[in-house]
**Q** 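Have a look at this one.
FYI, the numbering just counts along the sequence from 1.
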Amino acid sequence: MADVTASMPGVYVSFDDLLALEYRGRKVSFLPRQSVRSLLSGRFASRMRGRGLNFEEIRDYRSGDDVRSIDWKVTARLQKPHVRVFNEERDRPALLVVDQRLSMFFGSRRAMKSVAAAEAAAISAWRILGAGDRVGAIVFDDREFVEFRPRRSRSTVLQILMAIVAHNRSLGVGRGLSASPSMLNKALQQALRRALHDAAVIIISDFDGADQETRKTIGAMARHNDVVALLVHDPLQSDLPATASMTVTDGELQIHLEVGRESVRRSISEALQERLKGVFAWTREFGVPVLPLSAAEDTAQQLRHLLGTLPSRSGRGGGHGQVGASLG
């Protein structure tokens, strides 16, 4: 029997959908025009200076400089020793943490949050691979997570996409799933074990179940890595209509809510705001950008808006045409 989910765009995602995002991923830069020390800066340059790939400047020779870096032409012309200084590039792995739990199976317009997360993960994976860097992933639902070690490989990206599609298509009421908010922390703990230092970690989730353990894990991860949180949301969850009703389920039990009642709308809104307040505080506490991604709008366009676009190769400015590292 044919897979009925194949004809339900916006509710489920297909492998072909994620393959088609390869081209759109080329136009997204996770590191727009910001200083090199910014979490969302351009190419990740190391603080070490040496005989790297990117020329930075010519300056006076200083005690301790490697004599092999002396620019003899400039030295002869100025009659004073000068050296060529380079920024040394680093190979940085990127790790995607992709949420496909029941809490993500919600959407009021265009797509489910789970679909938006899948699209964002695909765009990210293609962009990282296109930049010549290693990409890995942890894809999780309410029961388990699957892990892919970072590799500079198209086949690895395809495996990641297939895992995302498999988890995405298992979502739905009456499929034997039950909500497990604790899986968020389990997936993040695994990411922490894998991202020991100098990695780029992109977490794509609605952060349902985020608590103090989540905060501690994010803090520990951000101490030695660059972490970006894409907070997937749906506008209906924060802006309930004045006259409406809705059915809420955890995959097994269902309740009917009359959200037209002011007290019900206020309670739902306050619960949501309280949960997300702690997530948004990560920016202040740990320097982790928390970027809202709406399931009701085009994912690629939002990423370009949130994260910036790659400068034109014909544009002015040093290095704008070069391929960035990790999230560049």
**Q** Looking only at side chains, do Gln100 and Asn168 share a donor and an acceptor under 3.5 Å apart?
**A** yes

**Q** If you measure from the Lys or Arg side-chain nitrogens to the Asp or Glu carboxylate oxygens, is any gap between Arg101 and Asp142 under 4.0 Å?
**A**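 Looking at Arg101 and Asp142, the cut-off is not met.
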
**Q** Indicate the atoms forming the closest heavy-atom contact of Phe105 with Gly172, along with that distance.
**A** CE2-CA, 3.7 Å

**Q** Using the ring of each side chain (for Trp, its six-membered ring), is Trp282 parallel, tilted or perpendicular to Phe207, with breaks at 30° and 60°?
**A** perpendicular

**Q** Do the side chain of Asp17 and the main chain of Ser14 share a donor and acceptor less than 3.5 angstrom apart?
**A** yes

**Q** Check whether any side-chain heavy atom of Phe148 lies under 4.5 Å from a side-chain heavy atom of Leu96, and answer yes or no.
**A**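 Phe148 vs Leu96: side chains apart.
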
**Q** For a side chain to side chain contact (heavy atoms under 4.5 Å, CB included) check, start with the C-alpha distance between His224 and Asp198, then their side-chain angles and the critical distance, and finish with the verdict.
**A** CA-CA 6 Å; His224 303 289; Asp198 296 328; over 6 Å; no

**Q** Please find the pair of heavy atoms, one from Ile202 and one from Ser124, that lie closest to each other, and give the distance.
**A**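 Distance-wise, the nearest heavy atoms are CD1-CB, 4.3 Å.
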
**Q** State whether the side chain of Asp65 and the backbone N or O of Arg62 hold a donor-acceptor pair below 3.5 Å, judged by distance alone.
**A**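 The answer is yes, because a donor-acceptor pair under 3.5 Å joins these two groups.
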
**Q** Between Leu129 and Arg154, does a side chain to side chain contact (heavy atoms under 4.5 Å, CB included) hold up when you go through it step by step?
**A** CA-CA 7 Å; Leu129 181 66; Arg154 184 178 178 86; 4.1 Å; yes

**Q** Please determine whether residues Leu158 and Ile164 belong to a single hydrophobic cluster, defined as Ile, Leu, Val, Met, Phe, Trp and Tyr linked transitively by side-chain heavy-atom distances below 4.5 Å.
**A**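 Yes; tracing contacts between hydrophobic side chains, which count when under 4.5 Å, links both residues.
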
**Q** Take Asp226 and Val201, measure what side chain to side chain contact (heavy atoms under 4.5 Å, CB included) needs, and give me the verdict at the end.
**A** CA-CA 6 Å; Asp226 289 314; Val201 183; over 6 Å; no

**Q** Might you work through the salt bridge (charged side-chain N to carboxylate O under 4.0 Å, His left out) test for Asp298 and Arg304, ending with a clear yes or no?
**A** CA-CA 10 Å; Asp298 182 81; Arg304 286 198 295 271; 5.2 Å; no

**Q** Taking NZ, NE, NH1 and NH2 as the nitrogens, is one of them in Arg84 or Glu57 under 4.0 Å from a carboxylate oxygen of the other?
**A**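 Result for this pair is no, no salt bridge flagged.
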
**Q** Could you check whether Glu147 pairs with Arg149 (Lys NZ or Arg NE/NH1/NH2 to Asp/Glu carboxylate O, under 4.0 Å)?
**A** yes

**Q** Does Leu19 belong to the same Ile/Leu/Val/Met/Phe/Trp/Tyr cluster as Val139, with side-chain heavy atoms less than 4.5 Å apart forming each link?
**A**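 Yes.
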
**Q** Do Ile204 and Val232 have side chains that get closer than 4.5 Å, going by heavy atoms?
**A**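 In contact.
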
**Q** For Leu18 and Ile123, what are the C-alpha separation, side-chain angles and deciding distance, and is it a side chain to side chain contact (heavy atoms under 4.5 Å, CB included)?
**A** CA-CA 8 Å; Leu18 301 186; Ile123 291 170; over 6 Å; no

**Q** Is Arg151 salt-bridged to Asp133, cutoff N-O under 4.0 Å?
**A**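 Looking at Asp133 together with Arg151, the answer is no, because their closest N to O distance does not fall below 4.0 Å.
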
**Q** Determine the minimum heavy-atom distance between Leu192 and Leu196, stating which atoms define it.
**A** O-CD2, 4.2 Å

**Q** Hey, does the side chain of His82 reach the backbone of Lys80 with a donor-acceptor pair shorter than 3.5 angstrom?
**A** yes

**Q** Would you name the heavy atoms of Val74 and Ile58 that are closest together and state the gap between them?
**A** CG2-CD1, 3.9 Å

**Q** Give a yes or no on whether a salt bridge exists between Arg110 and Glu297, defined as a side-chain N under 4.0 angstrom from a carboxylate O.
**A** no

**Q** I want to check something: taking the side chain as every heavy atom from C-beta on, are Val146 and Ile138 in contact at a cut-off of under 4.5 Å?
**A**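 Sidechains of Ile138 and Val146: no contact.
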
**Q** Taking all non-hydrogen atoms of both residues, which atom of Leu171 and which atom of Tyr12 are closest, and how far apart?
**A**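 Residues Leu171 and Tyr12, closest heavy atoms: O-OH, 2.7 Å.
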
**Q** Verify the cluster assignment for Met162 and Val98: are they in a single hydrophobic cluster under the rule of side-chain heavy atoms below 4.5 Å apart?
**A**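 Looking at the clustering, Val98 is in the same group as Met162.
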
**Q** What are the two closest heavy atoms between Leu184 and Gly209, and how far apart are they?
**A** CD2-C, 4.3 Å

**Q** Distance-only, no hydrogens or angles: does the Asp234 side chain make a donor-acceptor pair with backbone N or O of Ser108 under 3.5 Å?
**A** yes

**Q** Is the backbone of Gln301 close enough, under 3.5 Å, to the side chain of His305 for a donor and an acceptor to pair up by distance?
**A** no

